[in-house]
Amino acid sequence: MAISFYNTLGKTKEPFQALVPGQVRMYNCGPTVYSYAHLGNFASFILPDLLRRYLEYSGLQVLQIMNITDVGHLTDDDQADARGEDKLEKKAREEKKNPWEIARFYEDAFHEDRRILNLTPAHHYPRATEHIVEMIEIIQELLSKGLAYEAGDQVYFEIDRFPKYGLLSGNPVEELIAGKRIEEDPQKHNPLDFCLWKKDPWHIMQWDSPWGRGFPGWHIECSAMSRKYLGRVFDLHTGGEDNIFPHHECEIAQSSGGDDTICSRYWLHRRHILVDGKKMSKSLGNFYTIRDLIAKGFCGAEIRFGLLGAHYRSQYNFTFAGLGAIRESLRRLREFWRNMDGLPSSREDEAKAEVQALEARAGAADREFRAALDDDLNISAGLAEVFNFVRDAYKLAKTSPGGRVAREQLLSWDRVLGVVEHSLKPPPAGLGPLEASGPPLALAEGTLLEAGIEEWLKKRDQARQAKNFKEADRIRDLLKEKGIVIKDTPQGTKWFRNP
RNA sequence: GGCGGCAUAGCCAAGUGGCUAAGGCAACGGUUUGCAAAACCGUCAUCCCCGGUUCGAAUCCGGGUGCCGCCUCCA
């Protein structure tokens, strides 16, 4: 079965072939660290996470690089030009810190949120500010090849030297020029030429360069870092759909180095999400950070499942009602996990037929699961197979050996989904104030038993034996008030911190 | 103005020419349970509208209507 992805470059679904068979090199546009990353940011970061997990599930090796943009893009960038105020500078002024402190603080926050959402860590998170030298090298190369020129206080890329400009976004160059959005700039050879370096000795973050002290243009960092860690041509590049133009268009142009080579063979873009049916944006102020949702009582696994369960090319409409439905469906998987563990024990040889039936069903379901994900990460179809398996496994598994097979299959899929185990684990340590607000996370069975609960259960059991159900129900209600939910099963009474 | 996406049950959502239109949430009836919980069985859509192509269309083509995105900082 071939894996295929929808390639923005070409606007069609294409079979995926790694340049080096079995080894995938992937670059992801990461966060700009001048504030807490919001739900939309993580929607786009979960795309590379799913890609990484699924490619590895398919037996491929993945080298993943996600950049950290810690040099301020400008608040008022105009057609890839360098104007306006630096975002980090603005934030630094607001918080009365220097921009480096701001960047490190929000970079740390990004990693905390990333862990809450159980995103697989990339192999490197290179920072833009630590690759200024590499950026300067590329600009020099472009200048020496006549693909860039110095004019006034800026170095520009000359887009007339790159015929493929506009290929990724589908924007005809003439149309872009005809648009009124480009301000006339007599310094430029072509209105679409974009900034590679800006001389500005007053800028708050500045570096030496052959063109004077200043700062880099806002596309060059990705060219520099992808080339350094992945080489001139690599396999996958991801980002939000807003990156298509101008960011990735410019990146392709400047990375080409004078020939027609396009730095990444596949470009995958995450469609923007909506919140309550409206565009989520900072200017509208209707955005949620991960922290906001945690504070409202949702856990990382639920948020993750919501973002993951929506296909990356569809417009996911985030609502709290929807997240509630996600919570319930995740509960079903979690219950399955628990119920398969609580089956009556049996010897392996006695349960041979049951085990074989489950293995057969699991094998078939996994083939369907893979077929679905192979098709441009069709997660909805993949999840349908997971739930179909859950339903059938409930019918087939009667004893512990069968339950073990069912759990193993769910666990296997969870390597891709990353939600079941994650929702059973207590929150990771070291998260500061976030730790306190991570419900509903289950207690691992058999651990963290609070003093008294076992006694109450014993008491309730005695009451039930004596058919004193009034007393038994009273104890159940009492525990429920404390957030402990009880289930009577043929294997005895079980309790959970959350259902 | 240029480029692009979407419209499937109460809600979310897969399916792009042909088996009974996946799956999840919610709801309802039943089995089970001391009662619950969980589980199980069952019920719940002909696919925005009009026209066309075809033996056959949710799926292709044309025309409507509605919603949304990019082209400007934004994932």
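Below, each value reflects all heavy atoms present in this structure, side chains not excepted, and no hydrogens, waters or symmetry copies. Proteins come first, then strands; the chains are lettered A, B, ... in the order of their sequence lines, and each starts at number 1.
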In numerical order, the residues of residues 396-409 of chain A whose heavy atoms come under 4.0 Å of RNA chain B are none
Pairs under 3.5 angstrom, nitrogen or oxygen only, protein versus nucleotides 9-12 of chain B, please.
none

Polar pairs (N or O, both sides) under 3.5 Å between protein and nucleotides 40-48 of chain B?
unit_1 : atom_1 : unit_2   : atom_2 : d
B/rC41 : OP1    : A/Lys395 : NZ     : 2.4

Using a heavy-atom cut-off of 4.0 Å across all strands, would you classify [X] as base, sugar-phosphate, or nothing?
X: A/Ile273; result: base
X: A/Gly322; result: nothing
X: A/Asn171; result: base
X: A/Thr238; result: nothing
X: A/Ser380; result: base

With rounding to whole Å, what would you report as the distance between B/rU31 and B/rA36 at their C1' atoms?
->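 The answer is 15 Å between these two C1' atoms.
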Expressed in whole Å, how much space separates the P atoms belonging to B/rC41 and B/rG23?
->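 So the two P atoms sit 12 Å from each other.
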Which residues share a ring pair (Phe, Tyr, Trp, His ring centres under 6.0 Å) with A/Phe469, sequence neighbours left out |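 A/Phe469: no ring pair (Phe, Tyr, Trp, His ring centres under 6.0 Å) contacts found.
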Nearest to the side chain of A/Glu241 - B/rG69, B/rC71, B/rA75?
->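 Given the options B/rG69, B/rC71, B/rA75, the side chain of A/Glu241 is closest to B/rG69.
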Do the ring planes of A/Tyr229 and A/His124 sit parallel (below 30°), tilted (30 to 60°) or perpendicular (above 60°)?
->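 The arrangement is tilted - the two ring planes meet at 30° to 60°.
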Evaluate the ring planes of A/His219 and A/His247, with Trp represented by its six-membered ring, and classify them as parallel (under 30°), tilted (30 to 60°) or perpendicular (over 60°).
-> tilted
Can you give one letter per nucleotide of nucleotides 27-36 of chain B, 5' to 3': B if a protein heavy atom sits under 4.0 Å from the base, S if only from the sugar-phosphate, - if neither?
-> -------BBB
Scan nucleotides 66-68 of chain B against the protein and return all N/O pairs shorter than 3.5 Å with their distances rounded to 0.1 Å.
unit_1 : atom_1 : unit_2   : atom_2 : d
B/rC68 : O2'    : A/Gln315 : OE1    : 3.1
B/rC68 : O2'    : A/Gln315 : NE2    : 2.2

